[in-house]
Amino acid sequence: MRRFFSPKFLTPLLLLAAPVAAFAQEAVQTISVEQFNELNAKIAEAQVAGDNAWMLVCCALVLMMTAPGLMMFYGGLVRSKNVLSICMQCVMMMGMVSILWAVYGYSIAFGEGNAFFGGTQYLFLKGVGMEVLDGLTIPHATFMMFQLMFAIITPALIVGAFAERFRFRALVAFMFLWVTFIYFPLAHMVWGPGGFLNAFAVGTGPNVPALDFAGGTVVHISSGISALVCAIYLGKRAGWPSQQFIPHSLVLTTIGTGLLWVGWFGFNAGSALASNGLASTTFAATHFSAAAAALSWCAVEWLTRGKPSLLGALSGAVAGLVAVTPASGFVTPMGGLLIGLIAGVVCWFFVTKVKEKLGYDDSLDVFGVHGIGGTLGAILTGIFATKAINPAFGEGPVGAIDGNWGQVLNQIIAVGVTYAIAIAGTFIILLVVDKTLGVRASVDQQEVGMDIADHGESGYHGIAA
């Protein structure tokens, strides 16, 4: 043992120990407050950069849902002589709603005000810039742009109900009034500070104000119910239903559905407003709902008609995406799947049986898919929502399903309020526009097609079908 303590062996050990001891001393040295704050600032800056990048991508994805997604989805379902009119209506929503949003729409929707309208603090986007919003990790301008994309696609959804028979000049006036007096206030009531539908709770149990993660009430119910009012007010297309109105290109509609499906990930997962775990579970719930609804619609179609159709699969996928929208940030992926299974069957029933029984001409089934799908999803949110996914839901125990009847009652109230605003507001706006400009195209205009009648151009050569 003595030889281990000789200088021959101790010298190398001491030489090795010296830097280790120095490193240990440096490691336990307490950093200053300034250094700690600097590290925190760098971490926060990195988080803002990451979340902002994700949200800017989501902005682009949601805009893609309107153009080219909705353009192609609707464009393939109408007759060829009306394709350009559908595209033009979508382009008009992108342009007009963007300007209205910048001038006063964002302020009405998200400004400080009362329970129904925001104030004037953000008029002309005053004060909306690079500053990070309180409680979020994205710049104010990014949040504003993300919400704009929702405002664009909502009125664009309505055009499917009165496709092939609504005069363009009347459409411009109608949509101007609709987004101003229906969409902007509804967005404030559901998502704005102090909004009526995000500030009440009724019933008993661990309930919270009405839940709408990504737009079940604001987007889909408002547009779907307004679409039904428009379809009934305008009446049937010339020749419908005695003549067959066959979609001119299901290939175009298929491509449009694919773009909508992909864009919906930005729509729903982006509503987490951060690149985090909630965005991931929302993404999963959205996808599984669409997949399940496509299959359930096909299954019921197969059982009743003997054959499943491509249009049925596409319609089912969109119905599943619609239904999961209000629930996506509150349910598990399996909850999303169950919502999709139910939505496929229920929306199929309204699109085929109820529409046939009542005889209204909702050209592209906006009410049956968006109005009913949004209603169903809003109510099912109260059943399938769980604190395990989103702690903002209730105060109950953490489990697979924490939903309760008190919350379901809140959801039904929110649905009822949205129905009332959409029905009354849309009817009044239609009446005003009809008396001043006239909303319905003549039989001759419908015969030649709205592409030529309204825009003097056609995307197809030869005889329009």
Side-chain angles (χ1 to χ4, degrees), residues 55-102 105-106 142 144-164 166 168 171-172 174-176 178-179 183 214-215 218-220 222-224 226-227 247-271 286 290 314-315 317-318 321-322 325 363-366 369-370 450-451 454-455 457-460:
M55 290 306 301
L56 290 174
V57 170
C58 289
C59 287
L61 286 172
V62 180
L63 183 61
M64 184 187 75
M65 292 173 68
T66 301
L70 196 64
M71 285 182 184
M72 300 179 77
F73 181 79
Y74 280 173
L77 291 174
V78 297
R79 291 169 292 178
S80 61
K81 61 187 177 183
N82 296 301
V83 177
L84 295 187
S85 69
I86 288 290
C87 293
M88 182 59 176
Q89 289 165 8
C90 290
V91 171
M92 179 55 64
M93 294 307 99
M94 293 170 67
M96 183 176 68
V97 175
S98 295
I99 302 305
L100 296 179
W101 188 253
Y106 180 68
T142 301
M144 179 274 296
M145 287 301 296
F146 181 65
Q147 295 298 335
L148 166 60
M149 303 313 166
F150 285 65
I152 289 172
I153 195 171
T154 304
L157 292 172
I158 302 174
V159 306
F162 49 63
E164 305 188 310
F166 204 106
F168 184 72
L171 176 128
V172 173
F174 171 80
M175 290 304 184
F176 169 80
W178 193 89
V179 296
Y183 182 83
V218 182
V219 177
H220 297 295
S222 69
S223 62
S226 297
H248 92 278
S249 176
L250 282 182
V251 172
L252 203 62
T253 299
T254 303
I255 297 171
T257 304
L259 291 168
L260 287 171
W261 194 327
V262 173
W264 228 291
F265 294 132
F267 199 92
N268 285 0
S271 294
T286 300
L314 302 177
S315 300
V318 174
L321 291 165
V322 169
T325 293
S363 306
L364 308 182
D365 296 312
V366 182
V369 173
H370 294 274
M450 302 312 296
D451 291 358
D454 270 336
H455 310 295
E457 55 187 347
S458 176
Y460 292 84

Would you give the length of the straight line joining atom [atom1] of [X] to atom [atom2] of [Y], rounded to the nearest 0.5 angstrom?
X: Asn82; Y: Met450; atom1: CG; atom2: CE; result: 7.0 Å
X: Trp178; Y: Ser223; atom1: CH2; atom2: OG; result: 6.0 Å
X: Arg79; Y: Ser249; atom1: CZ; atom2: OG; result: 15.5 Å
X: Ile153; Y: Met65; atom1: CD1; atom2: CE; result: 4.0 Å
X: Gln147; Y: Trp101; atom1: CD; atom2: CH2; result: 6.0 Å

Legend entry - Partner of Met175 under side-chain contact (heavy atoms from CB on, under 4.5 Å), chosen from Met92, Gln89, Met96: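 Of the listed residues Met92, Gln89, Met96, the side-chain contact (heavy atoms from CB on, under 4.5 Å) partner of Met175 is Met96.
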Legend entry - Passing candidate, side-chain contact (heavy atoms from CB on, under 4.5 Å) with Met93, options Leu70, Leu157, Leu171: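 Only match with Met93 under side-chain contact (heavy atoms from CB on, under 4.5 Å): Leu171.
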Inset, instruction - Might you point out which heavy atoms bring Gly75 and Ile86 nearest each other, and give the distance in Å? - result: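 The answer is N-CG2, 4.0 Å.
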Legend entry - Student check: side-chain heavy atoms of Asp454 and Met88 closer than 4.5 Å: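 Answer no - side chains too far apart.
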Inset, instruction - Would you check if Ser271 and Phe150 make a side-chain contact, meaning some heavy-atom pair closer than 4.5 Å? - result: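 Yes. Closest side-chain heavy atoms under 4.5 Å.
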Any donor-acceptor pair under 3.5 Å from [X] side chain to [Y] backbone:
X: Asp451; Y: Ser85; value: yes
X: His370; Y: His220; value: no
X: Thr286; Y: Asn268; value: no

Inset, instruction - Take Leu260 and Phe73 through the side-chain contact (heavy atoms from CB on, under 4.5 Å) test and state the conclusion after the steps. - result: CA-CA 8 Å; Leu260 287 171; Phe73 181 79; 3.9 Å; yes
Inset, instruction - Could you check whether the rings of Phe267 and Trp264 sit parallel, tilted or perpendicular, using 30° and 60° as the cut-offs? - result: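 Rings of Phe267 and Trp264: tilted, 30 to 60°.
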Inset, instruction - Could you go through the side-chain contact (heavy atoms from CB on, under 4.5 Å) check for Val97 and Tyr183 one step at a time? - result: CA-CA 11 Å; Val97 175; Tyr183 182 83; over 6 Å; no
